[in-house]
Colleague: 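Okay, handing you the structure first.
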Amino acid sequence: MEEAGEALQREGIKVLLSAQSGEHVPHCPHGPTLLFVKVSQGKEQGRRFFACSACRDRKDCRFFQWADEKVSQARLQSREEYNRSCQPPMSHQQYMTRFQEFVALPLAKRRFCRDCQQLLLEGDWQEHSGHRVLGDVSISHLKRPSQLLHPLENKKSNAQYLFTDRSCSFFLDAITRLGYKRVLCVGTPRLHEWIRSKSSLEESQRKVKSLLLDIDFRYSQFYGEDEFGHYNMFNHHFFGGEAAHNMCQKFLREDGGRGVIVVTDPPFGGLVEPLAFSFKKISNMWSPTSDPGDSAELPMFWIFPYFFETRILQCFPGFTMLDYQVDYDNHTMYKYGKTGRKQSPVRIFTNISPERIVLPESEGYRFCAVCKRYVASQNTHCDICMSCPSKDGRAWKHCPLCKRCVKPSWSHCSSCNRCALEDHSCGSTVKGCFLCGDEDHKRSSCPRRLVSGIHNK
C-alpha cells in the first residue's frame, strides 16, 4: 500500500486515507469526509481538499473544504447545525417505540405512506391525507421492508440493487454449508431479510443470526438496535455513535469471534479503496489484537463487478473471484439466465478457499479438479495458462502470441502486436481522457467525473 493513501491511482483524483487524522477531519451530513488530491504521473498536483465520502456529485452533498483552509467559528457552527438538520427526524429508539405501537394496531389501521416512506400511526393520518398510502400492512410486509421502501438510486453513493431470491438462497445455503452462524450484512438489506425469515423456520441449533449495517436510515423503522445500524461504509461511520459501534463489535466477537462472516454489496460507482479501508476496520473490530503470526482473517463475501478485480486484489491480495453470477430484482441488466455479453458482471470476491464454496450444478457450474474451484459452464480450462481464465462467463480462447487467454470476440492484430476487437483502431493507441481531453489520465479517473462540480464551489 502507498503511504499517502491506498488509492493506487497514478492519474486523476486520489484519496489519501492513511494521511488523515480522525480528530481533525471535517464532517458533512454523511460523517467524516475524505481527503483527496489530484495526481498526475503518480505525483500530487495542486492543493489537497476534503469532500464527502459517500457522494461524488456536488448535487448530492455540497461539502468542500481545502485541507489548509482556516474555517471560522461561525462557519463551523453553521456547518454543525446543517449536518444535524440532515439527520433522521427521530432516534432509533423512537422509531422502535413507534414500531411496537404500529404492530399493536389492528390490520385495518396499519398504513404506510409511500410518498414519505414512513409507517403511520393513527395520529399521522391527517398529515398524510393527500399522499399515496398503502393500507392493511401485514406482518409479512414488515418482515420484508425492502419491498415496501423505494430503492435508493444514486449508483455512486447509496444505490440499492436488491438481490433476487435466487441469489439470497445461494448466499444462505453457502453460508450454512460453510458453518457460519452469524452474518454481518453491510449494504445487503434483502439478504438480511432473507436470513431472518428463513432462520425463524429453522431449529434453534441451525439458526443463522444477522446484523444489517446500511446508510439507509429508513430501516430503523423496522429493526431494533441489535438488528440494524445506520452506517456509512465509505468512512466506517456509525451514525448511532459509540453505542452502535459497540453493538456491532459485540456481534462480531460473539462466541470468541468464531462463526461470523461479512457479506457486503457496495454501490458499484463507489471508490474501492475507501471501502477496503472500512472493511479492514471492521476486521480490526473483530480481532484487534491478533498476533503478527496469526493468519486468521475475518471471512468475507464482497459482491462487485468482475472488472474491478485488479483494484480489489490490490487492496486484498488474498482474495479470489468466484464465477457465480449475482443477479438483482431491480436492475434491468444484472439478471440471471442471459447469455453472451449480456450476462450479469457481478461476482463474489472472498478470502475463503474457493474449493470450499460449492456453486449450484443445477445452473451449470462444475468443479475444475485442476483449479480446485467451481467454474461457469463455458469457462473451459486452459492447459497452457493452467487456469480457467474466463471472467465474463463466456468461453475464452488462448492466443499463443500474447501468451494468454482472451475474450472470444478478440483477435490478434499483427500491427498492434496484441489482441483486440476486430474493428479497433489499428495501429493507434487512444491517449488521454475522452471526457475532458487531457492526456494525463483516462476517463475512469477523470477529476470531472469523480468529483463533478467540486472545484466550482
Side-chain angles (χ1 to χ4, degrees), residues 29-31 60 81-154 157-163 165 168 185 187-201 207 209-232 238-244 247-248 251 329-330:
H30 305 92
D60 300 315
E81 292 174 356
Y82 174 73
N83 289 346
R84 282 195 296 269
S85 72
C86 295
Q87 299 312 303
M90 287 177 263
S91 68
H92 201 154
Q93 289 182 339
Q94 289 173 320
Y95 276 124
M96 277 297 95
T97 300
R98 285 176 57 89
F99 182 78
Q100 296 302 325
E101 295 178 20
F102 185 88
V103 172
L105 292 172
L107 180 63
K109 292 187 176 182
R110 292 192 207 132
R111 302 180 182 181
F112 177 79
C113 180
R114 292 190 180 277
D115 291 337
C116 300
Q117 298 286 280
Q118 179 182 332
L119 296 174
L120 302 180
L121 300 178
E122 288 186 78
D124 304 322
W125 291 1
Q126 182 61 36
E127 182 182 349
H128 298 263
S129 59
H131 297 180
R132 294 174 299 163
V133 175
L134 173 69
D136 295 340
V137 178
S138 66
I139 298 301
S140 296
H141 283 121
L142 298 177
K143 289 182 177 180
R144 301 296 299 270
S146 69
Q147 296 181 349
L148 280 176
L149 301 170
H150 297 313
L152 301 176
E153 297 179 346
N154 189 328
S157 58
N158 54 18
Q160 288 177 328
Y161 296 137
L162 302 169
F163 295 143
D165 287 353
C168 286
C185 295
T188 57
R190 181 61 63 81
L191 179 61
H192 179 63
E193 294 173 0
W194 186 269
I195 292 173
R196 287 173 54 81
S197 65
K198 297 300 179 183
S199 293
S200 64
L201 305 175
K207 284 186 177 180
K209 295 170 60 177
S210 176
L211 172 62
L212 173 64
L213 301 182
D214 202 284
I215 199 169
D216 188 353
F217 76 89
R218 297 176 301 174
Y219 285 100
S220 300
Q221 299 180 83
F222 303 92
Y223 299 123
E225 293 173 285
D226 60 341
E227 301 165 322
F228 169 72
H230 189 197
Y231 175 78
N232 181 353
F238 289 86
F239 292 88
E242 186 176 356
M247 179 60 69
C248 179
F251 181 85
D329 268 342
N330 58 326

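All of these numbers come straight from a predicted model, not from anything done at the bench.
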Colleague: Looking at L211 and C248, what are the two nearest heavy atoms and their distance?
Modeller: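 What the structure gives for the nearest pair is CD2-CA, 3.8 Å.
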
Colleague: Determine whether Y95 and P88 make a side-chain contact, defined as any pair of heavy atoms from C-beta on separated by less than 4.5 Å.
Modeller: yes

Colleague: Which residues pass the side chain to side chain donor-acceptor pair (under 3.5 Å) test with H30, sequence neighbours left out?
Modeller: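 Side chain to side chain donor-acceptor pair (under 3.5 Å) list for H30, sorted by chain: empty.
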
Colleague: When you compare the side chain of M90 with that of T97, does any pair of heavy atoms fall below 4.5 Å?
Modeller: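 No, their side chains stay 4.5 Å or more apart.
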
Colleague: Tell me the closest heavy-atom pair linking D329 and R190, and the distance in Å.
Modeller: OD2-NH1, 2.8 Å

Colleague: Looking only at atom types and distance, does a side-chain atom of E193 sit under 3.5 Å from a main-chain N or O of S146, one as donor and one as acceptor?
Modeller: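 Yes, E193 side chain to S146 backbone: donor-acceptor pair under 3.5 Å.
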
Colleague: Please name the pair of heavy atoms, one in P189 and one in D214, separated by the smallest distance, quoted to 0.1 Å.
Modeller: CD-OD2, 3.7 Å

Colleague: Answer yes or no: is there an ion pair linking D165 with R144, defined by an N-O contact shorter than 4.0 Å?
Modeller: yes

Colleague: Do V133 and W125 make a side-chain contact, defined as non-hydrogen atoms from C-beta onward lying under 4.5 Å apart?
Modeller: no

Colleague: With under 30° as parallel and over 60° as perpendicular, where do the rings of F228 and Y219 fit, or are they tilted in between?
Modeller: tilted

Colleague: Is there a side-chain contact between V137 and L120 (heavy atoms, below 4.5 Å)?
Modeller: no

Colleague: How long is the straight-line distance from CZ of R196 back to CD of E227, given to the nearest 0.5 Å?
Modeller: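 One finds 4.0 Å between CD of E227 and CZ of R196.
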
Colleague: Rounded to the nearest 0.5 Å, what separates atom CD1 in I195 from atom OG1 in T188?
Modeller: 7.0 Å

Colleague: Provide the closest heavy-atom pair for M96 versus F222 in the form atom of the first, atom of the second, distance.
Modeller: CE-C, 3.7 Å

Colleague: For a quick test of reading the model, state the closest non-hydrogen atom pair linking H150 to R114 and the distance between them.
Modeller: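 Closest approach of H150 to R114: NE2-O, 3.4 Å.
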
Colleague: List the atom of H131, the atom of C113, and the distance in Å for their closest heavy-atom pair.
Modeller: ND1-SG, 3.4 Å

Colleague: To the nearest 0.5 Å, tell me how far I215 CD1 sits from F239 CZ.
Modeller: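 The CZ atom of F239 is 5.0 Å from CD1 of I215, to the nearest 0.5 Å.
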
Colleague: Determine the interplanar angle of the Y223 and H192 rings, folded into 0 to 90°, and report it as parallel if under 30°, tilted if 30 to 60°, perpendicular if over 60°.
Modeller: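 Correct class here is perpendicular.
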
Colleague: Among all residues two or more places apart in sequence or in another chain, which pass the ring-ring contact (aromatic ring centres under 6.0 Å, His included) test with F217?
Modeller: none

Colleague: Within a strict 4.5 Å, meaning less than it, do heavy atoms of the R218 and Q118 side chains meet?
Modeller: no

